[in-house]
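Letters A, B, ... mirror the listed sequences (proteins, then strands); counts begin at 1.
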2 protein chains.
Amino acid sequence: MTVRNLISKGSDRLTHSERKLVAALLSDYPFAGLLSIRELAEVANVSPPSVSRFTSKIGLSSYNEMQRRLLEELREGERSPVELHDFGERIEGGYLQGFLGRAAEKIQFAGDAITEGQFHRVVTLFTDPKREIFALGGRISDTIALHLTFHLKQARSGVLHLPRDPEAWPEYLLRMNPGDVIFLVDFRRYESNIARLAEISASRRVQVVLLTDKWMSPAKRHATEILAVPIETGTIWDSYVAALATVEAIVSCVAEDTWRKTRNRITEWDAVRNLASEKRK
Amino acid sequence: MTVRNLISKGSDRLTHSERKLVAALLSDYPFAGLLSIRELAEVANVSPPSVSRFTSKIGLSSYNEMQRRLLEELREGERSPVELHDFGERIEGGYLQGFLGRAAEKIQFAGDAITEGQFHRVVTLFTDPKREIFALGGRISDTIALHLTFHLKQARSGVLHLPRDPEAWPEYLLRMNPGDVIFLVDFRRYESNIARLAEISASRRVQVVLLTDKWMSPAKRHATEILAVPIETGTIWDSYVAALATVEAIVSCVAEDTWRKTRNRITEWDAVRNLASEKRK
DNA sequence: TGACAAGTGAAAAAAAATTTCCAAAAATTG
DNA sequence: CAATTTTTGGAAATTTTTTTTCACTTGTCA
């Protein structure tokens with residue numbers, strides 16, 4: 001039984017500071033456990049005695065024994081790091097493991113549903129400084145769109161997130177010029193608003209990039225590029241991890257393409273942000 | 001300079017027993033050096049003082065320093081094969097494929113850093129209808145927190161998302177009762193606001209559930225549960241897919257646990273929503 | 001062969017780490 | 001809200017580890 005297993009096995013019935021230890025140990029496994037008690041205690045923000053009690057509680061005779069075991073695991077794991085991970089609790093078939101496994105799968109499938117060509121065309125659109133970028137998502141998927149704008153705003157100027165309320169759109173619509181880009185996210189339980197926005201945008205010769213699922217939002221009729229990612233998980237709700245991963249891929253590719261500019265912008269950004277927070281004091 | 005290099009560099013001018021040590025150290029590098037002095041001395045068939053003298057001779061301040069360095073090397077070594085592997089893949093399979101692959105991996109690792117026990121305790125907290133749920137995230141990570149509140153609001157009542165502006169917090173803080181739960185998301189480039197909010201909440205006996213990365217937000221000091229997920233990707237920006245996946249897992253587990261109630265709520269919700277949109281027309 | 005230098009380990013000393021004990025603080029319960 | 005239980009960290013005690021001291025051995029060279 002690995003130390004990791006011992007930890008997760010005993011992880012009910014743990015006290016507040018013992019949980020802090022678990023977090024510290026697992027988040028830098030196995031190295032956190034190879035520090036001295038004093039050091040580990042410091043990292044986890046607990047007292048050395050708590051560490052000592054913890055090791056006894058999960059069934060180890062001493063802290064030293066835990067270290068011996070961790071080293072042994074490390075030595076074994078040298079053979080294959082992958083094996084070490086597979087060892088975990090996956091066997092127990094826990095809910096979390098299952099969910100995450102399926103989520104990871106979804107992400108892989110996203111790569112099949114979007115071609116590299118499509119991907120790079122989209123990236124090129126976002127990289128072009130002459131085009132302004134607008135973005136909006138549906139009720140829930142707007143968080144995905146927000147993620148895009150947050151990051152894109154750091155990489156370049158001319159990025160605008162539309163408010164959810166259609167009443168406020170005209171202002172933005174008037175600002176759109178031919179060649180600009182609007183990024184829309186719309187997953188099932190599609191919203192007619194989004195489709196309408198796509199239509200209006202398209203009529204103004206704005207390029208519509210649509211992130212949707214395989215059943216495809218009605219906005220597809222007006223889209224220049226359609227990125228269809230898998231979202232169904234077999235649980236009550238759909239998973240947006242694949243969508244988020246795709247957006248992150250786009251954003252980070254844009255950022256790399258415009259690296260120098262990006263760096264300057266981020267530096268500036270931070271400077272301004274610091275100024276603002278200084279002022280508050 | 002690695003310990004191995006130090007050893008071979010100084011390997012002229014070594015005495016008989018020091019050579020025995022070199023042999024022992026190199027034949028089981030780096031693990032032999034992680035034993036205690038006494039054990040290593042035994043393995044190499046020399047006395048402990050010889051080990052001590054040896055480490056000084058090759059230019060280390062103490063035996064302890066050698067161990068620290070060896071662990072550091074081990075940690076680096078663990079990392080690099082994975083990275084190399086990923087980088088190779090990426091060039092072959094295109095940017096998107098590479099990015100998604102790494103994202104999927106991150107999600108798997110998230111399962112190692114969070115135990116099923118921890119996961120279910122958090123779910124239980126969120127399921128308890130007597131507790132109100134508050135949530136907030138950092139500048140960018142707030143999208144993750146939003147995702148939680150959006151979904152949780154459908155599953156139960158008493159879910160509130162705090163505004164980003166601290167000026168508006170008091171109203172919410174006053175509403176908090178002992179036993180309530182606050183869900184905070186804070187990734188590196190941590191925000192002092194979040195830590196402060198955690199502190200205040202904890203002082204009001206509100207349970208603090210913290211979603212953070214392995215470097216751990218300063219808010220950890222006040223957290224009841226710490227969910228540490230991997231976020232570093234080797235690109236300019238961190239990836240929040242693992243965080244999103246974790247939140248989705250929580251939300252969908254909560255929903256399943258309270259399935260019946262949830263179904264009613266969703267039905268009601270949709271009814272109200274339809275009514276509202278009917279009206280608009 | 002004997003004097004000396006270099007190397008070595010036993011034992012002692014010093015330092016560090018770990019565990020135990022206990023009282024204060026926090027949480028829980030009736 | 002008081003009483004009880006649990007949890008926690010400081011301090012002391014204990015154990016372990018590491019380093020230093022020192023005397024003894026070994027080998028070398030005059």
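Taken residue by residue, residues 57-68 of chain A places heavy atoms nearer than 4.0 Å to DNA chain C at A/Ser62, A/Tyr63.
Applying the 4.0 Å criterion to OP1 and OP2 of C/dG7, one finds that B/Arg53 has every side-chain N and O outside that range. The side chain of B/Ser47 places no N or O atom within less than 4.0 Å of a non-bridging phosphate oxygen (OP1 or OP2) of C/dT8. Here B/Thr15 reaches the OP1 or OP2 of C/dT8: one of its side-chain N or O atoms lies under 4.0 Å away. Put simply, A/Ser17 has a side-chain N or O that comes within less than 4.0 Å of OP1 or OP2 on D/dT8. When the side-chain nitrogen and oxygen atoms of A/Ser50 are compared with OP1 and OP2 of D/dT7, none of them lie within a distance under 4.0 Å.
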Going through the distances and angles, do B/Thr15 and B/Glu18 end up as a side chain to side chain donor-acceptor pair (under 3.5 Å)? CA-CA 5 Å; B/Thr15 70; B/Glu18 283 164 352; 3.3 Å; yes
Show the numbers, then the answer: is there a ring pair (Phe, Tyr, Trp, His ring centres under 6.0 Å) between B/Tyr240 and B/Phe187? CA-CA 9 Å; B/Tyr240 293 173; B/Phe187 293 118; 4.7 Å; yes
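Judged purely by distance below 3.5 Å, without hydrogens or angles, the side chains of A/Ser50 and A/Arg53 pair a donor atom with an acceptor atom. In the model, B/Glu39 has a side-chain atom that pairs as donor or acceptor with a side-chain atom of B/Ser36 under 3.5 Å. Between the side chains of A/Ser239 and B/Glu248, a donor-acceptor pair is found at a separation under 3.5 Å. For the residue pair B/Tyr172/B/Glu132, the side-chain donor-acceptor check at 3.5 Å is not satisfied.
In this structure, the CD atom of B/Glu18 is 11 Å from the P atom of C/dG9, given to the nearest Å. Protein atom CZ of A/Phe54 is 20 Å distant from nucleotide atom P of D/dT6, rounded to whole Å. Going from atom CZ of B/Arg38 over to atom P of C/dA11 covers 16 Å, rounded to whole Å. Regarding A/His16, its NE2 atom lies at a distance of 16 Å from the C1' atom of C/dT28, rounded to whole Å. Nucleotide D/dT7 holds its P atom 16 Å from the CZ atom of B/Arg205, rounded to whole Å. In this structure, the CG atom of B/Leu21 is 13 Å from the C1' atom of C/dG7, given to the nearest Å. Nucleotide C/dA26 holds its P atom 17 Å from the CZ atom of B/Arg204, rounded to whole Å. To the nearest angstrom, P of C/dA27 lies 17 Å from CG of A/Leu14.
Figure legend: B/Arg139 and A/Phe150 shown without cation-pi pairing, the cationic atom not lying both under 6.0 angstrom from the six-membered ring centre and within 45 degrees of its axis.
Side chain of B/Val46, nearest nucleotide from D/dG9, C/dA27, C/dG9: C/dG9. Taking only side-chain atoms of A/Ile37, from C-beta outward, the nucleotide of C/dA10, C/dT19, D/dT18 with the closest atom is C/dT19.
For A/Ser56 and B/Asn45, each mapped to the nucleotide of DNA chain C holding its nearest heavy atom, the one lying further toward the 5' end belongs to B/Asn45. Annotation: of the two residues near DNA chain C, B/Lys20 and A/Pro49, the 5′-most nearest-nucleotide partner is B/Lys20.
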